[in-house]
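Here is the structure we will look at.
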Amino acid sequence: MSAPARTALVSTAGHCEVACSFCFRADRARGFLTIATYTRALSRLKETGVEGVCLTGGEPTHHPELRQLVRLALQFGMTVSMVTSARSEAEVSALAEVAHLLTNVTVSADSQGAMALGRTTRTAASAVTTLDAVDTPSKVLHLTYWDVEGEEATQLAGLVAGKGINVQLSPVLVSEDALRRDGRSIQDALRQRARDTASLGQHLRLSNGYRSYLDDLRRMQLTKEEIHPCRSVTLYVSAKGEVRHCPYGTSEISVHASRTEIRAFLDAPATDRVVPDCAAICRPASRDCAA
């Protein structure tokens with residue numbers, strides 16, 4: 001049997017205006033998660049022992065009924081957290097209205113090299129500004145990074161110093177096709193990651209768990225081995241109401257299926273295998289770092 005899930009990552013929308021080229025999202029489609037589908041999902045998840053949900057995107061602050069999404073989960077006795085790229089006045093305002101009801105807010109940002117690569121404008125400074133504007137017990141700056149120089153690492157550490165903001169790092173995972181088009185190889189990308197890690201490690205305390213996570217990614221990218229079966233204790237719910245053991249999983253079940261069918265699906269051994277993309281999303285908090 002699969003380990004019982006205690007949390008669920010819920011996609012509130014299938015689209016995102018940021019649309020960075022290295023996005024980790026598994027689903028890309030138009031439309032928002034409906035309240036009816038979400039309520040059904042919460043009911044079924046609660047019955048299976050899920051204790052908390054994380055609202056993600058697309059961009060959750062764009063959901064027209066964001067406050068209702070948060071309050072419904074609370075009414076089911078679940079904790080609620082959020083991952084967002086909120087920067088605009090409207091987005092930050094929507095986030096601030098519900099922030100006091102959340103246990104955690106994670107704001108995504110990109111290093112300068114990652115912004116150039118992904119054609120984004122999600123600076124670390126603007127992420128910290130968003131986090132400063134919200135009232136929630138736990139705040140996380142999630143930085144997707146590529147080609148980080150020492151000066152940028154120094155600035156990053158200074159941005160979060162003394163603010164009670166935790167830092168989570170994710171290296172950009174450039175596909176082999178994209179690397180070939182740029183005249184580079186996987187080995188080139190891994191060397192770049194090693195330089196970035198050294199630069200960030202001079203100013204951030206990178207835990208042994210995080211370094212182990214990077215070793216796992218390196219091994220998967222070099223050997224292309226499916227290291228082990230999915231063991232995630234976090235479920236994924238798409239904006240259409242499909243439940244998976246993994247966002248990238250090939251097997252799923254609709255929240256509109258019967259209780260018996262949903263229970264059987266969740267109790268059955270996961271058939272998905274760990275690959276670099278899902279390893280970048282599903283990793284323990286112990287594999288993070290701190291300023």
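Note that this is a predicted model, so its numbers are computed, not measured.
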side-chain contact (heavy atoms from CB on, under 4.5 Å) between Trp146 and Asp110, intermediate numbers included:
CA-CA 8 Å; Trp146 175 266; Asp110 306 313; over 6 Å; no
Measure centre to centre between the rings of Phe265 and His245, then say whether the value is under 6.0 Å.
yes
Tell me whether Tyr38 contacts the main-chain N or O of Leu69 through its side chain, where contact means a donor paired with an acceptor under 3.5 Å.
yes
Straight-line distance of Thr144 OG1 to Leu169 CG, nearest 0.5 Å
9.0 Å
Determine, using the 4.5 Å side-chain heavy-atom cutoff (strictly less than), whether Leu190 and Leu117 are members of one ILVMFWY cluster.
yes
Salt bridge (Lys or Arg N to Asp or Glu O under 4.0 Å) against Lys163, all qualifying residues, sequence neighbours excluded:
Asp132
Run the side chain to side chain donor-acceptor pair (under 3.5 Å) test on Gln192 and Asp188 for me, step by step, so that the C-alpha distance in whole Å, both residues' side-chain angles and the decisive distance to 0.1 Å come before the verdict.
CA-CA 6 Å; Gln192 179 63 64; Asp188 293 329; over 6 Å; no
Quick check against the 3.5 Å criterion: does Thr37 have a side-chain atom that pairs as donor or acceptor with the backbone of Thr34?
no
If only side-chain N and O atoms count, and only distance matters, is there a donor-acceptor pair under 3.5 Å linking Ser81 with Asn104?
no
Heavy-atom closest pair (Ala94 atom, Leu66 atom, distance to 0.1 Å) is O-CD2, 3.9 Å
Of all heavy-atom pairs between Thr130 and Ala86, which one has the smallest distance, and what is that distance?
OG1-O, 2.8 Å
Looking at CD of Glu91 and OG of Ser85, how far apart are the two atoms once the value is rounded to the nearest 0.5 Å?
8.0 Å
Euclidean distance, Arg71 CZ relative to Leu101 CG, rounded to 0.5 Å:
5.0 Å
Heavy-atom side-chain proximity of Cys246 to Tyr236 below 4.5 angstrom
no
Report yes if the side chains of Tyr145 and Pro171 come closer than 4.5 Å at any heavy-atom pair, otherwise no.
yes
Presence of salt bridge, Glu97 and Arg67, under 4.0 angstrom:
no
What's the separation between atom OH in Tyr210 and atom OG1 in Thr197, rounded to the nearest 0.5 Å?
6.0 Å
Carefully, step by step, assess Ser170 and His142 under the rule side chain to side chain donor-acceptor pair (under 3.5 Å).
CA-CA 7 Å; Ser170 288; His142 180 277; 2.8 Å; yes
Would a hydrophobic clustering, with Ile, Leu, Val, Met, Phe, Trp and Tyr connected at side-chain separations under 4.5 Å, put Val83 with Val50?
no
Keeping Arg40 on the side-chain end and Val255 on the backbone end, is there a donor-acceptor pair under 3.5 Å?
yes
Main-chain N/O of Glu151 paired with Glu149 side-chain donor or acceptor, under 3.5 Å
no
Can you confirm whether Val105 sits close enough to Thr84 that some side-chain heavy atom of one is under 4.5 Å from a side-chain heavy atom of the other?
yes
Cluster overlap Val92 with Leu159, hydrophobic side-chain contacts below 4.5 Å:
no
Within the side chain of Thr103, is there an N or O that forms a donor-acceptor pair under 3.5 Å with the backbone of Thr79?
no
Test Lys46 against Met78 for side-chain contact (heavy atoms from CB on, under 4.5 Å), laying out the working first.
CA-CA 8 Å; Lys46 183 69 175 180; Met78 297 180 178; 3.7 Å; yes
Side chains of Leu200 and Leu156: does their closest heavy-atom pair fall under 4.5 Å?
yes
Basic-acidic side-chain contact under 4.0 Å: Arg218, Asp215
no
Closest heavy-atom pair, Ser11 versus Gly57, reported as atoms and distance to 0.1 Å, is OG-O, 2.8 Å
To the closest 0.5 Å, what do you measure between OG1 (Thr121) and CZ (Arg87)?
7.5 Å
Spell out, as yes or no, whether a donor-acceptor pair under 3.5 Å connects the side chain of Thr12 to the backbone of His63.
no
Set out, in order, the CA-CA distance, both residues' side-chain angles and the distance that settles salt bridge (Lys or Arg N to Asp or Glu O under 4.0 Å) for Asp196 and Arg193, then state yes or no.
CA-CA 5 Å; Asp196 292 341; Arg193 184 185 303 165; over 6 Å; no
Go through the steps to decide whether Thr48 and Arg263 satisfy the test side-chain contact (heavy atoms from CB on, under 4.5 Å), and finish with yes or no.
CA-CA 7 Å; Thr48 61; Arg263 172 65 72 177; 4.1 Å; yes
Look only at the side chain of Thr129 and the backbone of Ala125, and say whether a donor-acceptor pair between them is shorter than 3.5 Å.
yes
Please answer whether the main-chain N or O of Leu235 pairs with a side-chain N or O of Arg244 as donor and acceptor at a distance below 3.5 Å.
no
Please report the C-alpha distance between Glu242 and His256 in whole Å, then the side-chain angles of each, then the deciding distance to 0.1 Å, and finally whether the side-chain contact (heavy atoms from CB on, under 4.5 Å) criterion is met.
CA-CA 9 Å; Glu242 300 144 338; His256 298 288; over 6 Å; no
Do Arg195 and Asp147 have side chains that approach each other closer than 4.5 Å (heavy atoms only, starting at C-beta)?
no
Any side-chain heavy-atom pair of Val167 and Val160 under 4.5 Å
yes
Looking only at heavy atoms, what is the nearest atom pair of Ala257 and Ile262, with distance?
O-CD1, 3.7 Å
Donor-acceptor contact below 3.5 Å, side chain Lys139 vs main chain Ile165
no
Just by distance, do the side chain of Gln168 and the backbone of Val140 share a donor-acceptor pair under 3.5 Å?
no
Identify the heavy atoms of Ala73 and Val53 that sit nearest to each other, and give their distance.
CB-CG2, 3.9 Å
Side chains of Val128 and Val107: closer than 4.5 Å at any heavy-atom pair?
no
Would you give the length of the straight line joining atom CG of Leu55 to atom CE of Met82, rounded to the nearest 0.5 angstrom?
5.0 Å
Pairwise side-chain contact, Glu261 with Ile253, heavy-atom cut-off 4.5 Å (strictly under)
yes
Nearest non-hydrogen partners of Val148 and Ser111, listed with the distance
CG2-CB, 3.9 Å
